[in-house]
Novice: 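The structure is given below, and queries will be raised subsequently.
Excluded from the calculations below are hydrogen atoms, water molecules and symmetry mates; all remaining heavy atoms, backbone and side chain alike, are included.
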Amino acid sequence: MSNSKKIMVTHVESMDQFSLLRDHALDYKNTELEVIVGCLELSRYTNTKKEDLLKLIHHISKEQISVVLEWDGLYQEDKFIQAAAVVDSLPLHEISAIRVQDPGAVEYIKNKYPWLKIQLVLENGNHNLAGLMKWSEYLGEQCSRLILSNELSKEKLKEYASVLKAPLEILLFGRILLFYSPRLLLSPLEKDKLKKSWITASGSSEESPHSGFPLIENRHGTFMFNVKDLSLLDHLEEISQLGIAHTRVDLRFDESFNRYIKDLFELFSGKKTEADFQLKINHPRPVIKGFYNVNKTDVLFTKLKNSRTQRQDDFYLGEIVDVERNQQLALLIKTNALSENLEIVQEIKMVTPEGKIKIMILPWIKSTLGLPLLQASKNDLVLIPYTNGVTVKTQVYINKSVK
Amino acid sequence: MPHWTPELLSPAGSLEKLKVSVLYGANAVYLGGQKFGLRQAADNFTYEELSEGVEFAHSRNAKVYVVLNSFLHDNDLVELPEFLYLLEELKVDAVIVSDLGVISTIKKHSNLVIHLSTQASCLNIESAKLWKNLGATRIVLGREVTIKEASLIKKATGLEIEMFVHGSMCMAFSGNCVISNYTQGRDSNRGGCAHSCRFEYSINFNDDKNDKGHDVEKRAAQKAYFMSSKDLEGIRLLPEFIEAEIDSLKVEGRNKSHHYAGTISKVYSDALRFYKEHGHFLSSDMLNWEEELRKVSHRDYTTGSLDHYAESDSIYNQREHDDNEYVVSGIVLEAIPEEHLLVDVKSAFHPKDILEVMRFSGATKKCEVQFLKSLSGVSLERSKPGTVVKIPYIEGAEKFNIIRRAIKQ
Ligand code: SF4
C-alpha cells in the first residue's frame, strides 16, 4: 500500500447512518474520514430535517470527525434570504467547514463568517487553471478546498494539484448530475395532485439512445442524472498520487449507504478493489469513468457547420446569392478585398459549399438592370458569367495568394 | 422631456442580422466571434465582419457586445489574449463573460468592459456583489430572477442590470445543464447543446423499492415534453422593467432568423420609443405589439419568472412544430425606386400573392406581387428559396427590409 493520503468524504443523512459509519471507522482506524451533513433547506438532495441535522452536527463533532455543512442550492434573492437565515441559525462553530456552490453563498459566508472555512464547489464549468487560481485567491486563507468538476481528465487534475495551494476533491463514486432546474417539472404529471415534497422517477426518450435517466423533484426544483453512475473506485490510489487526497463517495441514492459503506472502508484501507463491489450485480445502473481518462467534448464542433460556406477573411470578396443556369451568377460584394474595387479582367476564385474551386477571369460585370460595368464595390449586387458547378452560398475571393 | 427607457439589446447571429437588428431599432447588439461564444452552430463573425459590424452599429449609435461566455478549458484560453487585443482595437463596447478564468484573462490583457453572462447564473444580491468585486460592471441576471428581485439587486450593488425580455429559455439554471456532454459528447457550456430538453420523455414514477432498495416503477409511464420551456415574452411587463430601472432588455436568439431579429427588435423598440415620448403605454398598442410578436416562429409564450417564479404553466409540453401565421418571404437586397426590388427569397411565393414589407419604422406596407422575374428578366410562376428575384418596387422599401406573407387568416 502506498503512503499517499486518501481521505474518504461522504454524506450522512441520519443518526443510524452515522452509527454505522462510526462503527466501521473504529474498525478501520487508518482510514481518514470527513462527513458532509445538510438539510432540506440547504442541500439539493438531502432529505434530512433541520432538527436531525442539529443532532448530527453535535454528535459527529463530538467524535472528533471532521463535519462539513453542505449549502449547495442555487437561490433567487427571496429564497436566498430564507436559506441564509437557516445557516445563521445553525451552530457553525461546531462544524469544520461549509461547502457552497452559489457565488452568493460564497460572498455571504466570506463576509459574515470570515473565520469559517469554505469548501467551494466548482463542479460546474471551471475547467481552467486561471479561474481556479482566481477563486482560490479570492477566498484567501478561508478557502479550505476546491471541489473540482468530473469533466476534468486525470492529466488536468495532476496539473492543477501540482499548482494550486488549496486541497482538491473530486467525486469518486455516485450519480452524475446532468440538469438542475428550479422549476417543478414532475409534479404537473403526477396523477394524484397531493403536494409531495419529494418525487422520484426515471425518464427515457426515443430521441436519445440512452434510457432511464433518474429524476428527482423536491423543494429545490428538478434534477436529472446520467443513466450511468460514476465509478473511479479502481483509480483511488492513482487519484491520491495525482495529489488529490479528498475523494467523495455519494451514497444518498438507491439506499447505497448500507450496501457499500463497509466495502468502501476496505477499499480505502487497501483491502478491496472495485471488482469486490460487484457493481454489475449490486448497482442499479451501469457505471462509467466519465471524462477521467480524456475529455474530447469539443472535437465534434467542427462538424456543426460547413466551414466552406464560412468566409475566410483574406482576399474575400463576397457570396454567390443566385444562379441562373447558362446565364449568369449574382455576386453580392461584401468587402473591398485588398481595398480595391472588383474590375473586369480580374481573376476570382470561387469555393463552392462542397469544396470545389473554380477560377475565372472576369470578362464582364453587369448591374442588376443588365447594364455593363467596368467595376463594382462593396455592397453592390452584380451579375457575372455563369460557371458550371457554382451554386448559391459559393464564397468568392480575389485570386491572389499573397496579400 | 423624454422619459427614461432601458436599452434594447438584440441578437446578431451574422453581419446581416446585426444590420437588421440595428435598422429595426435595437440600441445594442450582441454577437460572437469564431470562438469563445456559446453558439458553435451559428455563423459567427470573422474579424472583418466584426469590424464592419462595429462600424455599422456605432455609426447608428448602437453598441456592440461580444460574447465570450463559454466555460473555457486551458487550451481554449491560449488564443484569447490575441482576440482581446482585436476587440479593443475595434472598440467594442463590452464583452459578455461567465468563466472566472476568462474574466481574469481579460483583466490581465485588456481594459475591456466586462458584463457577466446569464450563463453564470447570478441570482441574488450577494452573488452580484461577488462578481462586482471580480470585475463585472453589468450583470445579465439568471432568467429565474423576478423584476422585483432584479430591482433589489440593482439598488444594493449599484451595478448595471440586464434581463432577458424575449425568446427561448433554458429550462435549467443556465450553465447547469450538461446533458449533451454525457449523451452526445458535446460540451453544452462551450456551445454544443443538443437541445435534449426539447425531447419527449416517457416518465416512470417510482412508487416502491425492491429488496435491494432500488427504485421500482409500478404505474404506467407517462409521456411528456416535461423539460421543454415555453418562450419568454415580456412586452406586457415593460412598465415594470422601466419602474425597476433595469438598464438593458435582452432578446434571445443569435441562431434565429432575420425575420425574428427584425420583428422582435421593431416591436420592442416601437414600444420603448412610444414610452420615451409619452411616459405611458396604450392598451390598444400593447395588443397590436403582442399580435406582431405572434407573427414570428415561437413556442407558446410565458412571462417566465419575470413577475413570479415560473410554474407549471411555463412548461411547453409539446413537440417542436411550426404553427406560424406568417412566413418570411425574403429580405430586400436592393431597392431601385421606379424599377424593382431584389428579394433574397427565404420561402416561396407567387405572382398575385399579397406580401407585407416591414419598414424600419411605422406600419407595414401591403402589396400584391404584380410580376415575379428572375434576374435576367424571365417571368417566374414561383420564387424558389435560395434565389434572388425581382418584384415591383414598393414605396418606402429599403435594403434589409423584411418581406413576409400571411399563411393563415
Ligand atoms: S438541453 Fe435545454 S436546458 Fe440543457 S443547455 Fe440545452 S437548451 Fe438549456
Novice: Using non-hydrogen atoms only, which part of Met133(A) is less than 4.5 Å away from chain B: side chain, backbone, both, or neither?
Specialist: neither
Novice: Measuring heavy-atom distances to chain B, does Val392(A) have an atom under 4.5 Å in its side chain, in its backbone, in both, or in neither?
Specialist: side chain
Novice: Let me know if Gln101(A) has heavy atoms under 4.5 Å from chain B in its side chain, its backbone, both or neither.
Specialist: side chain
Novice: Sort Val389(B) into side chain, backbone, both or neither according to what part of it lies under 4.5 angstrom from a heavy atom of chain A.
Specialist: neither
Novice: Which bit of Glu144(B) is near chain A, if near means a heavy-atom gap under 4.5 Å: side chain, backbone, both or neither?
Specialist: both
Novice: Using heavy-atom distances under 4.5 Å, tell me whether Phe257(A) contacts chain B through its side chain, its backbone, both, or neither.
Specialist: neither
Novice: Start with the C-alpha gap between Tyr182(B) and Phe291(A), add the side-chain angles, then the distance that decides, and say whether ring pair (Phe, Tyr, Trp, His ring centres under 6.0 Å) holds.
Specialist: CA-CA 9 Å; Tyr182(B) 283 90; Phe291(A) 298 104; 5.0 Å; yes
Novice: Sort Asp102(A) into side chain, backbone, both or neither according to what part of it lies under 4.5 angstrom from a heavy atom of chain B.
Specialist: side chain
Novice: Using heavy-atom distances under 4.5 Å, tell me whether Gln222(B) contacts chain A through its side chain, its backbone, both, or neither.
Specialist: side chain
Novice: Is chain B contacted by the side chain of Leu215(A), its backbone, both, or neither, given a heavy-atom distance below 4.5 Å?
Specialist: side chain
Novice: Which bit of Lys110(A) comes within less than 4.5 Å of chain B, counting heavy atoms only: side chain, backbone, both or neither?
Specialist: neither
Novice: With a 4.5 angstrom heavy-atom cut-off, could you sort out which part of Lys378(A) is near chain B: side chain, backbone, both or neither?
Specialist: side chain
Novice: Where does Lys223(B) contact chain A at under 4.5 Å (heavy atoms): side chain, backbone, both or neither?
Specialist: side chain
Novice: Does any heavy atom of chain B fall under 4.5 Å from the side chain of Tyr108(A), the backbone, both, or neither of them?
Specialist: both
Novice: Name all residues meeting the salt bridge (charged side-chain N to carboxylate O under 4.0 Å, His left out) criterion together with Glu123(A); count only those two or more places apart in sequence or in a different chain, and write none if there are none.
Specialist: Arg248(A)
Novice: Below 4.5 Å from any heavy atom of chain B, which atoms of Asn258(A) appear? Answer side chain, backbone, both or neither.
Specialist: neither
Novice: Checking Leu152(A) against chain B: side chain, backbone, both or neither under 4.5 Å from a heavy atom?
Specialist: neither
Novice: Quick one: do Ile199(A) and Ile216(A) satisfy side-chain contact (heavy atoms from CB on, under 4.5 Å)? Show the steps, please.
Specialist: CA-CA 6 Å; Ile199(A) 301 172; Ile216(A) 293 177; over 6 Å; no
Novice: Does the distance from a Lys or Arg side-chain N to an Asp or Glu carboxylate O, for Glu311(B) and Arg183(A), drop under 4.0 Å?
Specialist: no
Novice: Give, as side chain, backbone, both or neither, the part of Leu332(A) having an atom under 4.5 angstrom from any heavy atom of chain B.
Specialist: side chain
Novice: Does any backbone or side-chain atom of Tyr138(A) lie under 4.5 Å from a heavy atom of chain B? Answer side chain, backbone, both or neither.
Specialist: side chain
Novice: Nearest 0.5 Å please: distance from the CZ atom of Phe213(A) over to the CD1 atom of Ile203(B).
Specialist: 10.5 Å
Novice: Holding to salt bridge (charged side-chain N to carboxylate O under 4.0 Å, His left out), I want the full list of residues that pass it with Lys230(B), two or more places apart in sequence or in another chain.
Specialist: none
Novice: What part of Ile176(A) gets within 4.5 angstrom of chain B, counting heavy atoms only: side chain, backbone, both, or neither?
Specialist: side chain
